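Here the structure is laid out as structure tokens; the discussion comes afterwards.
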Amino acid sequence: MNKRALLAALSAVTATVTVFASPFTPGNIAVIQADPVGGIPTSNTTFSILELATNIANQAAPVNTFAINGTTGANALRISSSATSTGYLSRSDDGSLLTFTGANTTTATGNINTFTTRGVGSLDASGAFALQTTYTGTSGNQTRSATSLDNTTWFVGDQGGLYTNGAAAASPTGNFRKVHAFGGAVYGATASSTVTNIAVGTFSAAGGGTYNGLAGLANDAALVDFYMVKSGSNGSTYDVLYILDDTSATVGAINKFSLVGGSWVGNGTYITAFGGFGLAAQGLAATAGANLYVSSGTGATAANSLIRLTDTAGYNSAISIATASNITLFTAGAGSVIKGVDLTPQAVPEPATMAVLGIGFLALGRKRRARR
């Protein structure tokens with residue numbers, strides 16, 4: 001078999017074994033939508049993950065809706081739609097899993113924050129749900145978010161601190177909101193008026209480690225979410241940070257920072273007229289700016305919206321968002337609440353595919369050496 005025929009055969013085999021049944025479209029946006037009870041937000045409810053297009057204004061319906069089971073079986077998860085600091089979305093480090101947390105219960109009465117058995121749920125690119133792990137929190141504290149560097153060991157942000165697989169105590173302790181993995185590191189965020197509680201930092205381990213604030217940042221009592229992107233100015237480094245602050249349903253702020261010489265430097269603030277709770281960002285290679293996606297309101301605002309904003313400024317340049325260019329992508333129904341926001345999960349090659357490719361290229365290499 002000549003080289004061309006061998007490569008064609010490999011391509012055919014790969015196409016056969018690599019099947020990415022992918023309801024999620026790469027590059028779209030996912031949001032948590034908490035369901036109403038009696039037509040209003042409540043402290044104990046079910047929820048869905050909605051997929052939305054990034055370039056269509058006022059979408060009448062989501063691209064996809066993935067209802068998360070909260071009523072039957074051992075894998076059920078439930079959240080609060082009336083709490084203003086729960087219901088975040090994150091992704092695992094490789095982007096293959098969209099992650100969220102909730103109380104691991106089917107009980108539909110009582111404040112969900114009093115349920116101590118809590119779980120990490122995920123959706124992959126095919127839309128398949130998995131309960132990744134559970135842990136035991138403290139009654140009265142909120143479960144908030146989760147991520148992983150390897151899709152096995154989990155970093156779980158909770159009002160009581162950082163938890164991991166099966167843990168019954170937080171370590172380190174702290175009032176953490178969003179946790180997210182970027183470029184092989186796990187970042188967390190805290191909202192605090194205490195000077196020593198830096199707004200965004202890194203965790204050294206999923207349990208028993210340390211939380212270290214990022215150099216150049218200060219505390220931020222109004223923080224609700226954050227997101228990082230790669231500008232391309234520093235290779236593969238995530239060097240632009242957006243922090244979302246919220247003070248009311250109608251007033252919020254997006255703060256921009258850039259990593260310069262190992263420290264984060266402020267690049268200004270954009271004031272929103274719609275508050276803000278969930279935040280995600282997509283870097284724009286053509287302009288070196290970013291599209292920002294923000295859920296409006298306070299995290300418990302019913303019938304709120306997902307809004308796209310565009311920062312046309314690049315790395316270490318003052319944030320530049322034209323309000324007139326903001327686009328409302330989707331608005332929740334009466335009583336429903338859009339909470340956390342992130343990019344959709346992306347498919348990664350299956351191990352079987354990689355094995356076939358490896359065998360094929362090994363055979364090709366042997367054939368070429370035999371000709372010499």
Side-chain angles (χ1 to χ4, degrees), residues 25-30 52-57 89-91 93-95 147 178 180-189 198-202 213-218 220 222-246 252-274 276-296 306-329 341-344 346:
T25 299
N28 273 357
I29 288 295
L52 302 170
T54 61
N55 57 354
I56 301 175
L89 275 183
S90 298
R91 294 199 306 174
D93 190 49
D94 65 0
T147 191
K178 177 76 161 284
H180 211 309
F182 296 104
V186 173
Y187 297 80
I198 305 302
V200 178
T202 56
L214 298 183
L217 298 186
D220 184 348
L223 181 150
V224 287
D225 205 351
F226 76 100
Y227 212 88
M228 304 177 78
V229 297
K230 295 181 285 188
S231 71
S233 299
N234 296 286
S236 60
T237 300
Y238 283 84
D239 57 0
V240 177
L241 166 68
Y242 294 96
I243 294 178
L244 177 64
D245 289 349
D246 176 53
I254 300 172
N255 308 293
K256 180 181 178 181
F257 301 85
S258 294
L259 184 60
V260 181
S263 185
W264 292 90
V265 175
N267 297 143
T269 298
Y270 171 81
I271 303 299
T272 79
F274 50 79
F277 175 75
L279 170 69
Q282 286 175 309
L284 300 174
T287 63
N291 278 335
L292 309 177
Y293 302 90
V294 179
S295 54
S296 67
L306 181 70
I307 298 169
R308 190 190 81 187
L309 310 87
T310 301
D311 175 18
T312 57
Y315 169 75
N316 203 25
S317 297
I319 191 169
S320 179
I321 296 174
T323 300
S325 299
N326 295 348
I327 298 174
T328 297
L329 298 177
V341 184
D342 210 328
L343 307 181
T344 54
Q346 60 189 17

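As the structure is a computational prediction, the values presented were derived from the model and not from experiment.
In this view, Phe277 and Tyr88 satisfy the ring pair (Phe, Tyr, Trp, His ring centres under 6.0 Å) rule, not counting sequence neighbours. With sequence neighbours left out, Tyr238 forms a ring pair (Phe, Tyr, Trp, His ring centres under 6.0 Å) with Phe182.
The line from CG of Asp246 to OG1 of Thr272 is 7.5 Å long, rounded to the nearest 0.5 Å. Here the straight-line distance linking atom CG of Leu241 with atom OG of Ser258 works out to 9.0 Å at 0.5 Å rounding. From Asn28, atom CG reaches atom CD of Gln346 across 13.0 Å, with rounding to the nearest 0.5 Å. Rounding to the nearest 0.5 Å gives a distance of 9.5 Å between CG of Leu259 and OG of Ser231. For the atom pair CG of Asn326 and OG1 of Thr328, the computed distance is 8.0 Å after rounding to the nearest 0.5 Å.
Screening Val224, Thr269, Asn255 for a side-chain contact (heavy atoms from CB on, under 4.5 Å) involving Ile243 leaves a single residue, Asn255. Paired with Ile29 under the rule side-chain contact (heavy atoms from CB on, under 4.5 Å), one option of Asn291, Leu306, Thr344 passes, and it is Leu306.
Thr147 places no side-chain N or O within donor-acceptor distance of the main-chain N or O of His180, the cut-off being under 3.5 Å.
Closest approach of Arg308 and Asn55 over heavy atoms only: NH1-CA, 3.8 Å. For the residue pair Leu279 and Tyr242, the shortest heavy atom distance occurs at CD2-O, 3.6 Å. Contact record, Leu244 with Gly278: CD2-O, 3.8 Å, taken as the closest heavy-atom pair. Minimum interatomic distance between Asp342 and Ala280 (heavy atoms only, all atoms of both residues): CA-CB, 3.7 Å. Scanning all heavy atoms of the two residues, the minimum distance from Ala199 to Asp220 falls at CB-CB, 3.9 Å. Nearest heavy atoms, Ala281 versus Leu292: CB-CD2, 3.6 Å.
The closest side-chain heavy-atom distance from Arg91 to Leu343 is below 4.5 Å. Residues Leu284 and Thr310 have side chains in contact (heavy-atom distance under 4.5 Å, counting atoms from C-beta outward). Under the 4.5 Å side-chain criterion, counting only non-hydrogen atoms from C-beta, Asn316 is in contact with Val265. Using a 4.5 Å cut-off on side-chain heavy atoms (C-beta onward), Val341 and Leu89 make no contact. Within the 4.5 Å cutoff, the side chain of Leu214 has heavy atoms near those of the Tyr187 side chain. Within the 4.5 Å cutoff, side-chain heavy atoms of Leu217 are placed close to those of Phe257. Gln282 is listed as a side-chain neighbour of Thr54, based on a closest heavy-atom distance under 4.5 Å.
The list of salt bridge (Lys or Arg N to Asp or Glu O under 4.0 Å) pairs with a residue in residues 255-268, not counting sequence neighbours, reads Lys256-Asp311.
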Stepwise side chain to side chain contact (heavy atoms under 4.5 Å, CB included) check, Leu52 with Tyr293: CA-CA 11 Å; Leu52 302 170; Tyr293 302 90; over 6 Å; no
Worked verdict on Val294 versus Ile254 for side chain to side chain contact (heavy atoms under 4.5 Å, CB included): CA-CA 10 Å; Val294 179; Ile254 300 172; 4.2 Å; yes
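Donor-acceptor pairing under 3.5 Å is recorded for the side chains of Thr323 and Tyr270. Checked by atom type, the side-chain pair Asn267/Tyr315 shows no donor-acceptor distance below 3.5 Å.
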